[in-house]
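First comes the structure, then the notes that go with it.
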Amino acid sequence: MAIIETKNLTIIFDMPNNTRITVVEDINLSLEEGEFVAILGPSGAGKSTIVRAIAGLIKPTHGEVLYRGKLVEGVNPGVSMVFQTAALFPWLTVLENVEIGLKAKGVPPKERRERALKMIDLIGLDGFESAYPKELSGGMRQRVGFARALVVEPEVLLMDEPFSGLDVLTAENLRNDLLELWIEKRIPTKTILLITHSIEEAVYLADRVIVLDKNPGRIKQEIYINIPHWRDRESEEFIRLVDRIYSIMMGKPVTAKPPKTERYGTPLPHVRVGAIAGFVELVAELERKEDIYKIAEDLNMDLADIQPVIEAAELLKFIDTTGGDISVTELGKVFAEADVLEKKEIFRKQLLANVPFIQQIVQVLQNKSNHRMPVEFFIELLETRFSTSEAQAQMEIAIDWGRYAELFAYDEDSKEVYLEEEVLETQKVVD
């Protein structure tokens, strides 16, 4: 029997603007004893929502979460959680922070002190029992978070990007210490679920990687990692797996379920024009297909940083990604080598050909007698599909792209989008 199961887990949030957003849909997964599982996905895929539903912190809208075959109602008794930040009580010492979970469970003072001291020693905090959080480094505070989660001896350890807030060396040290405890079975935890945005981290730690799609979050594919620990990041097998997962996450279809047709086309990646242009120029200079993983490494960027840039450049047909590799298209090469005015012209044509929402803005403005429209009008259109904050973010990107392409202008004082006179004379809208 699986320790944790989710069956058709669907979570819908009610938004303040009277809309409903489906965050995750039909999530079916199981966590077996002895497994280290990682969940990967782009921002907005609902990774954290899934893990909080498993912990019992969020109630499913549809479907169910089971622990040892029993429906989870309220907080899941078999799990502990480590978050991105340790969230320690600043007025408590390290020892007192680690004891807090045991105290909540009613463990007698002597026993909880003994168990807390043992875990503090195991997690590498010996000598800091009487220290307060303000006296600790970020890495040490996160170790306290791990000790607090593990001291209650959970069957399932849930980790929501626990290393992402640390510097590279500190994160690697803590990552390896946790893996050593897991491999050597020095902790009683029977399964671990890690939420991460780092493909390399997932392949390094996990036995199975679950890749999520977004809008809403769905399971796109599961990949088993059959490389024995400890894993060599430089090995061909490791790099090949990282490449494969990059390729999957870059939006290549891997499931039979057809994508939903959206009125405004593909959501605009949260990327400014300057980043798109710079990235296309960088790829064009390579003059060959290049490994996405290597480009990300050379730029010192993780997936959360580089993926939106790739999505934007691919949306505009400037680059192509295939099998974990990236290359510039012929149009992308022309764009990269063009002067400023030529770049604007190419960008303008690609927006009108590939971005329906930009097309709609231009058409609305052309149909208005004064060729002006409050930006709130377009945000309200977007709110039929997105949350208010995301609708505003989408509009900001649309304005940035549209202004660069000289398709329309924006008046900050009146909060209006409008067509300039010279644009009206020359502009041709793609219907």
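Nothing fancy with the numbering, it's 1 onward along the sequence.
- Among residues two or more places apart in sequence or in another chain, the side chain to side chain contact (heavy atoms under 4.5 Å, CB included) test is passed with T19 by M15, N17.
- Between F386 and I21, the shortest heavy-atom distance links the atoms C-CD1, 3.9 Å.
- Counting only distance, with no hydrogens or angles, the side chain of N97 and the backbone of F89 share a donor-acceptor pair below 3.5 Å.
- Sorted by first and then second residue, the side chain to side chain donor-acceptor pair (under 3.5 Å) pairs with a member in residues 66-83 read Y67-E155, R68-E155; sequence neighbours excluded.
- Residues that satisfy the salt bridge (charged side-chain N to carboxylate O under 4.0 Å, His left out) test with E5, not counting sequence neighbours, are absent from this structure.
- The minimum heavy-atom distance linking P90 with Y132 is given by the pair O-CD2, 3.6 Å.
- Among pairs with a residue in residues 365-378, those fulfilling salt bridge (charged side-chain N to carboxylate O under 4.0 Å, His left out) read R372-D411, R372-E416, at least two apart in sequence or across chains.
- Between the side chain of E35 and the backbone N or O of K190, no donor-acceptor pair lies under 3.5 Å.
- R240 is linked by a salt bridge (charged side-chain N to carboxylate O under 4.0 Å, His left out) to nothing, counting only residues two or more places apart in sequence or in another chain.
- Remark: the backbone N or O of Y404 is paired with a side-chain donor or acceptor of K344 at under 3.5 angstrom.
- Checked against side chain to side chain contact (heavy atoms under 4.5 Å, CB included), A55 has the following partners two or more places apart in sequence or in another chain: L57, V79, M81, L158.
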Sequence neighbours excluded and cut-off under 3.5 Å, please list the side-chain donor-acceptor pairs for residues 268-284, or say none.
| residue | atom | partner | partner atom | Å |
| --- | --- | --- | --- | --- |
| H270 | NE2 | E390 | OE1 | 3.2 |
| H270 | NE2 | E390 | OE2 | 2.9 |
| E281 | OE2 | K343 | NZ | 3.3 |

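- A 6.0 Å sphere centred on NZ of K7 holds no more than 12 heavy atoms belonging to other residues, nucleotides or ligands.
- Put simply, the side chain of K47 gets close to the backbone of G41: a donor and an acceptor are under 3.5 Å apart.
- Under the side chain to side chain contact (heavy atoms under 4.5 Å, CB included) criterion, R231 pairs with Y204, D207, I225, I227, H229, F238, sequence neighbours left out.
- Under the salt bridge (charged side-chain N to carboxylate O under 4.0 Å, His left out) criterion, the residue pairs touching residues 141-153 are R143-D177, with sequence neighbours excluded.
- In terms of the side chain to side chain contact (heavy atoms under 4.5 Å, CB included) criterion, residue partners of F377 (sequence neighbours excluded) are, by chain and number, V364, M373, L381.
- The salt bridge (charged side-chain N to carboxylate O under 4.0 Å, His left out) pairs that include a residue from residues 74-92 number zero, where partners must be two or more places apart or lie in different chains.
- Across every non-hydrogen atom of A53 and V65, the tightest pair is O-CG2, 3.8 Å.
- The shortest distance between side-chain heavy atoms of T196 and F163 does not fall below 4.5 Å.
- Of all heavy-atom pairs spanning D14 and R20, the tightest one is OD1-NE, 2.8 Å.
- Under the 4.0 Å criterion applied to side-chain N and carboxylate O atoms, E25 and R218 are assigned as salt-bridge partners.
- A salt bridge is defined here as a Lys NZ or Arg NE, NH1 or NH2 lying under 4.0 Å from an Asp or Glu carboxylate O, and K415 with E412 meets this definition.
- Residues I219 and L212 meet the side-chain proximity criterion, which asks for heavy atoms closer than 4.5 Å.
- Judged as a side chain to side chain donor-acceptor pair (under 3.5 Å), and not counting sequence neighbours, T22 has no contacts.
- The two residues F318 and V328 have their closest heavy-atom pair at O-CG2, 3.5 Å.
- Contact record, I12 with T61: N-OG1, 2.8 Å, taken as the closest heavy-atom pair.
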